[in-house]
Number of protein chains: 2
Amino acid sequence: MTIKEVSEKFGISQDTLRYYERVGMIPPVTRSSGGIRNYQEEDLGWVELAKCMRNAGLPVEAMIEYVKLTQEGDSTFAARLQLLTEQREALLEQKEKIAATIKRLDHKIRRYEDAVKTGVLSWENN
Amino acid sequence: MTIKEVSEKFGISQDTLRYYERVGMIPPVTRSSGGIRNYQEEDLGWVELAKCMRNAGLPVEAMIEYVKLTQEGDSTFAARLQLLTEQREALLEQKEKIAATIKRLDHKIRRYEDAVKTGVLSWENN
DNA sequence: ATAATGCTTTGAGCGCACTCCAAGTCAAGC
DNA sequence: GCTTGACTTGGAGTGCGCTCAAAGCATTAT
């Protein structure tokens with residue numbers, strides 16, 4: 001699969017795909033004899049993983065570390081486990097914050113729905 | 001309340017507090033005769049709101065727009081309602097993405113827990 | 001063979017959200 | 001009155017995560 005196809009498949013720009021590879025967020029991609037990227041199944045798996053992690057807001061740094069450990073082989077299972085666990089914690093925390101903010105927005109939205117109907121905003125700080 | 005106290009109360013740097021005010025993410029803060037910030041209850045409410053929204057990852061831009069509308073008075077209820085609703089949507093989406101990633105991490109973590117015990121990682125792409 | 005297209009690398013540039021710095025002002029204690 | 005320390009402003013600098021540009025090589029269509 002060419003970089004163009006991968007770009008379209010995942011909705012990630014070619015520049016970003018090259019960037020991910022360059023900084024080590026995905027392992028080196030399979031190349032043709034002429035040095036042109038030819039993404040295999042495994043490469044696609046990495047791209048998909050990277051996209052998922054970045055979507056959730058995980059730092060690029062964490063992904064780079066994970067890829068590095070993976071490439072160092074079976075002796076890094078424990079380190080990878082720890083890394084994943086830490087990142088999971090961070091995501092849970094972030095999810096909590098978002099949930100709290102949504103709750104707050106819901107409350108404000110209800111007040112504004114009233115305000116739009118009645119012309120008066122029920123009082124409360126901001 | 002001085003900027004120093006507010007900074008400590010909310011865990012936001014003085015620089016950031018001034019930045020928030022400068023860009024309009026919170027309305028102008030009450031000042032002493034000498035021009036020194038003296039945060040009142042209402043100002044604190046705005047700071048707290050700003051912190052909550054930023055914690056959830058809402059763009060500064062959105063908060064600026066909301067503050068602007070608020071200062072334009074009662075004619076902007078509908079616009080404020082729309083803004084809040086949009087931001088709520090964005091947060092819900094982000095929460096979904098995080099939830100999906102957590103699920104995925106959970107799965108990987110289970111595999112690595114096994115791997116650490118047995119020395120073998122059950123196969124699966126990355 | 002030539003032109004067009006699309007890939008390659010390297011390195012610079014950008015937008016966001018701060019964060020730091022310089023130079024100056026103010027307020028409180030000695 | 002003078003020093004100290006916290007405050008002020010305006011503007012420059014930083015880190016992250018891309019994003020773009022320049023210059024050159026490869027592949028395909030004519």
Side-chain angles (χ1 to χ4, degrees), chain A residues 1-40 43 46-47 49-68 87 90-91 94 97-98 101, chain B residues 1-40 43 46-47 49-68 87 90-91 94 97-98 101:
Chain A
M1 222 174 180
T2 68
I3 195 170
K4 188 165 189 285
E5 288 163 343
V6 176
S7 166
E8 279 156 12
K9 181 173 166 70
F10 290 106
I12 302 176
S13 77
Q14 298 181 32
D15 268 324
T16 300
L17 285 170
R18 283 189 277 258
Y19 166 74
Y20 282 176
E21 187 177 352
R22 178 150 47 98
V23 299
M25 208 170 124
I26 59 175
V29 169
T30 313
R31 308 288 183 117
S32 75
S33 54
I36 288 172
R37 289 175 184 81
N38 183 10
Y39 291 75
Q40 305 301 306
D43 300 317
W46 280 108
V47 171
L49 180 65
K51 182 185 178 177
C52 177
M53 298 298 143
R54 289 296 305 130
N55 268 348
L58 277 194
V60 165
E61 249 327 301
M63 209 34 215
I64 291 173
E65 183 67 13
Y66 178 71
V67 169
K68 195 174 135 256
Q87 295 309 315
L91 285 189
Q94 187 57 20
K97 284 179 182 169
I98 290 179
T101 305
Chain B
M1 222 175 183
T2 68
I3 194 169
K4 188 165 189 286
E5 288 163 342
V6 176
S7 166
E8 279 157 11
K9 180 173 167 64
F10 291 106
I12 301 176
S13 78
Q14 298 181 34
D15 267 323
T16 299
L17 285 168
R18 283 188 279 259
Y19 165 75
Y20 282 175
E21 187 177 353
R22 178 150 49 95
V23 300
M25 207 169 125
I26 59 176
V29 169
T30 313
R31 307 287 184 118
S32 76
S33 55
I36 287 172
R37 289 175 184 81
N38 183 8
Y39 290 77
Q40 305 301 307
D43 300 317
W46 281 108
V47 170
L49 181 65
K51 182 186 178 178
C52 177
M53 297 298 142
R54 288 296 304 131
N55 267 348
L58 277 193
V60 164
E61 250 328 299
M63 208 35 215
I64 292 174
E65 183 66 14
Y66 178 72
V67 169
K68 194 174 136 255
Q87 296 308 317
L91 285 189
Q94 187 57 19
K97 282 177 182 169
I98 290 178
T101 305

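Chain identifiers are assigned alphabetically (A, B, ...) following the order of the sequence lines, protein sequences preceding nucleic acid strands; residue numbering begins at 1 within each chain.
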Item to check | Residue pair A:Trp46 / A:Ile26: nearest heavy atoms and the distance that separates them | outcome: O-CG2, 3.7 Å

Checklist outcome for this item: DNA chain D: first to last nucleotide in contact with chain B (atom under 4.0 angstrom from a heavy atom), 5' to 3', is D:dC7 to D:dG11

Item to check | Gap between atoms OH and P, on B:Tyr19 and C:dC21 respectively (whole Å) | outcome: 19 Å

Checklist entry - Whole-Å distance between C:dG13 C1' and A:Asp15 CG? => result 12 Å

Next on the checklist: So A:Arg22, base contact, sugar-phosphate only, or nothing? Heavy-atom distance under 4.0 Å.
Outcome noted: base

Checklist outcome for this item: From NZ of B:Lys4 across to P of C:dA28 the rounded distance in Å is 16 Å

Checklist entry - When all nucleic acid strands are considered with a 4.0 Å heavy-atom cut-off, which category describes B:Ser32: base, sugar-phosphate, or nothing? => result nothing

Checklist outcome for this item: Comparing A:Thr16 with A:Ile36, nearest DNA chain D nucleotide closer to 5' gives the residue A:Thr16

Checklist entry - Over how many whole Å does the gap from B:Leu58 atom CG to C:dC18 atom P extend? => result 12 Å

Checklist entry - Between C:dC7 atom P and A:Asn38 atom CG, what is the distance in whole Å? => result 12 Å

Checklist outcome for this item: In whole angstroms, the gap separating P of C:dC7 from CZ of A:Arg18 amounts to 7 Å

Next on the checklist: Checking side-chain polar atoms at under 3.5 Å, does B:Asp43 have a donor or acceptor matched by the opposite partner on B:Thr30?
Outcome noted: yes

Next on the checklist: Applying a 4.0 Å non-hydrogen cut-off, can you work out what B:Arg54 is touching in the nucleic acid: base, sugar-phosphate, or nothing?
Outcome noted: sugar-phosphate

